[in-house]
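Read the structure below first, then the notes.
Since we're looking at a predicted model, the values are computed, not measured. Letters go in sequence order (proteins before strands), and every chain restarts at 1.
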Protein chains: 2
Amino acid sequence: MTEQKVEAVERALLILEAFQEGEEELPLSTLALKTGLYKSTILRLCASLERFGYLRRGENGSFRLGPTLWRLGSLYRRSFDLGEQIRPELRRLVEATQETASFYVREGEERICLYRLNSPRAVRHHLDEGARLPLHSGAAGRVLLAFDGAQDEISQTIRGQGFGITRGDRDPEIAAAAVPVLDNRGRLRGALSVSALLNRFDSAAEKRALDALQESAERLRGALSRD
Amino acid sequence: MTEQKVEAVERALLILEAFQEGEEELPLSTLALKTGLYKSTILRLCASLERFGYLRRGENGSFRLGPTLWRLGSLYRRSFDLGEQIRPELRRLVEATQETASFYVREGEERICLYRLNSPRAVRHHLDEGARLPLHSGAAGRVLLAFDGAQDEISQTIRGQGFGITRGDRDPEIAAAAVPVLDNRGRLRGALSVSALLNRFDSAAEKRALDALQESAERLRGALSRD
DNA sequence: CCTATCGTTCTGTCAAGCAGAACGATGTTC
DNA sequence: GAACATCGTTCTGCTTGACAGAACGATAGG
């Protein structure tokens, strides 16, 4: 069938898409510029978005994202039923490796960063929770593919060794190691990864990362159950 | 002026409102029941929501919340520009008190829980990030009001003593202590709180919570700057 | 004072969106 | 195995929701 849609809804969502990192507030005219919508259209759409808490309007007329997004976003993350053990494991990983640690889940052909703890070092691979990244690149992406049934040669290798390591795959300056997180029934729940600048990821660092990752995944396996 | 709205947009947002804790997936017929919308209407609206990543559709036709909510929700939280110091302070608070620690911000006449770390105890005041709570009750709500300009007598008392304590205010079985978090310019950025079951919040526990809260707020004051 | 730009209001036009029936598929009960 | 119930899907006539975009008042800048 022909792809259905509701134009007005997509216009409203276009407005929400206009907000990006570092742009906390957007005035009406900037929204018009970014979305290509008429100001009168934006005002109508924003009235509805505001009523449901997706936007807030300041006294100066500027718009910013509203708390409903945080509420539903948190609900989304909790829908993965991961309990409260992920973050302590990320902390252990950061302590063991001094690098950034993250947890991803697969969503279609993307991976979503649900949890992350950045390295305390000033020069680091910075990453934000909420980030959407490709599945077919980066250690975590490849691990998610491999443990979710992919049959290509790389996936078979990753499954065989139980982890993935990439250097300069998704980002030319970043190296990463990742392991799958399975629950007590052996089902894939996500991927843990440690990422670092390439020049810091020598073989000793690699071993340290893998050891820590595997220990964390093992503990998580015990903690994650689905009745 | 008359309140503007876009009906189709509000219908779409109604669909997103249908999702609640513990209901990861909702089939079409349940959405129809919960929203009062016709199934054909829901399918059209959901096609647009899905296209923008607000919903995912499983192979069995059931809907669940999508990753865009997590991405925008994370963006919303980061728009408060709180850096990465909140969570370590929450951890310190939980370690010092063995109770649940949270951080709230004010949004209009509500407070939003941006960060929380639940107590490790089995019997505890459980709370989820993303929760929206009233401003006029609970220690954290009263502290936010007091340090954001409220002139009533309770607010003046709280400002004078620099913290708020409630027992059985919002929830009859819960006690809470809260302090304001100000930045290095003295502006209110949020409220830190510790909450516990009433019967565990004797005067020794109260003192322990307040001491830990004030230390955390002091460290956060040094860490939060806004140029 | 003039000009530019912002946000706000208004309304005629038209096609977007809805209601809701009909249908096929699947599951349940007897 | 048949009948029934419930699910999700498709289709279309009709109504009104939503838009485009002009006009306006307020504010800022030169």
Side-chain angles (χ1 to χ4, degrees), chain A residues 1-20 22-66 68 76 79 107-108, chain B residues 1-20 22-66 68 76 79 107-108:
Chain A
M1 53 115 193
T2 169
E3 278 286 21
Q4 294 185 106
K5 67 174 175 175
V6 178
E7 292 255 13
V9 171
E10 302 212 352
R11 283 195 178 95
L13 303 183
L14 213 54
I15 292 172
L16 295 177
E17 292 298 306
F19 289 87
Q20 289 174 357
E23 295 179 305
E24 294 163 33
E25 288 197 335
L26 292 178
L28 177 62
S29 53
T30 304
L31 276 179
L33 235 76
K34 285 190 149 208
T35 61
L37 300 169
Y38 282 97
K39 290 181 282 185
S40 52
T41 300
I42 292 172
L43 285 175
R44 246 190 339 270
L45 295 163
C46 285
S48 294
L49 289 170
E50 201 178 341
R51 184 169 298 117
F52 280 73
Y54 287 75
L55 287 180
R56 286 285 185 179
R57 194 141 194 223
E59 288 184 8
N60 59 349
S62 282
F63 295 91
R64 53 186 187 82
L65 295 177
T68 297
Y76 167 79
S79 73
E107 275 286 12
Chain B
M1 52 120 193
T2 170
E3 279 285 22
Q4 292 185 106
K5 67 174 174 175
V6 177
E7 294 254 12
V9 171
E10 302 212 353
R11 284 194 177 95
L13 303 184
L14 212 56
I15 292 173
L16 295 178
E17 291 298 306
F19 290 86
Q20 289 173 356
E23 295 178 306
E24 294 163 31
E25 287 199 336
L26 293 177
L28 177 62
S29 52
T30 305
L31 276 179
L33 235 75
K34 284 189 148 209
T35 60
L37 300 170
Y38 282 95
K39 290 182 282 185
S40 52
T41 299
I42 292 172
L43 285 176
R44 247 189 341 270
L45 294 165
C46 286
S48 293
L49 289 170
E50 202 179 339
R51 186 169 295 117
F52 280 72
Y54 288 74
L55 286 180
R56 287 284 187 180
R57 192 139 195 227
E59 287 185 9
N60 58 350
S62 282
F63 296 92
R64 52 186 187 82
L65 296 177
T68 298
Y76 167 80
S79 74
E107 274 285 13

| task | Name the closest nucleotide to the A/Val6 side chain, picking from C/dG7, C/dG17, D/dA18. | result | C/dG17
| Is the shortest side-chain N/O distance from A/Ser29 to OP1 or OP2 of C/dG7 below 4.0 Å? | yes
| Counting distance only, does the side-chain N/O of B/Lys5 pair as donor-acceptor with the main-chain N or O of A/Ser48 below 3.5 Å? | no
| field | Contact nearer the 5' end of DNA chain C, comparing A/Gly61 with A/Lys5 | value | A/Gly61
| message | Counting only side-chain heavy atoms from C-beta out, which of D/dG8, D/dC11, C/dC18 sits nearest to B/Ala8? | response | C/dC18
| said: Heavy atoms only, 4.0 Å cut-off, all strands: where does A/Leu43 land among base, sugar-phosphate and nothing? | reply: base
| Which nucleotide in the list C/dT8, C/dA16, D/dG21 gets nearest to the side chain of A/Glu7? | C/dA16
| query | Are OP1 or OP2 of D/dA20 and a side-chain N or O of A/Thr41 less than 4.0 angstrom apart? | reply | yes
| field | Whole-Å gap separating P (D/dA18) and CD (A/Glu10) | value | 15 Å
| Rounded to whole angstroms, how far apart are CD1 on A/Ile42 and C1' on C/dG7? | 11 Å
| Atom-pair distance (NZ on B/Lys39; P on C/dA22), nearest Å | 14 Å
| Choosing from D/dT9, C/dC18, D/dC19, which nucleotide comes nearest the side chain of A/Arg11? | D/dC19
| query | Taking atom P of D/dG8 as reference, at what distance in whole Å does atom CG of B/Leu26 sit? | reply | 11 Å
| Which nucleotide in the list D/dG8, C/dA16, C/dT8 gets nearest to the side chain of A/Leu28? | C/dT8
| message | One thing to verify: whether B/Glu7 and A/Arg44 come together as a salt bridge, which I'm taking to mean a side-chain N less than 4.0 angstrom from a carboxylate O. | response | no
| Protein-nucleotide distance (B/Gln4, atom CD; D/dA20, atom P), rounded to Å | 14 Å
| query | Looking only at side-chain N and O atoms, does B/Arg44 come under 4.0 Å of OP1 or OP2 in C/dG20? | reply | no
| query | So, is A/Tyr38 near the phosphate of D/dG21, with a side-chain N or O under 4.0 Å from OP1 or OP2? | reply | yes
| said: Nearest heavy atom decides the nucleotide; on that basis, is A/Ser40 or B/Leu37 closer to the 5' end of DNA chain C? | reply: A/Ser40
| query | Less than 4.5 Å apart, any side-chain heavy atom of A/Tyr76 and any of B/Arg56? | reply | no
| query | Within this structure, what is the CG-to-P distance between B/Leu14 and C/dC18, rounded to whole angstrom? | reply | 12 Å
| Between atom CG in A/Asn60 and atom C1' in C/dC6, what is the gap in whole Å? | 12 Å
| Do any N or O atoms from the side chain of A/Ser62 and from the backbone of A/Glu25 form a donor-acceptor pair under 3.5 angstrom? | no
| field | Non-hydrogen atoms of A/Ala8 and B/Val6 that approach each other most closely | value | CB-CG1, 3.9 Å
| Separation of atom CG in A/Leu45 from atom C1' in D/dC19, rounded to whole Å | 10 Å
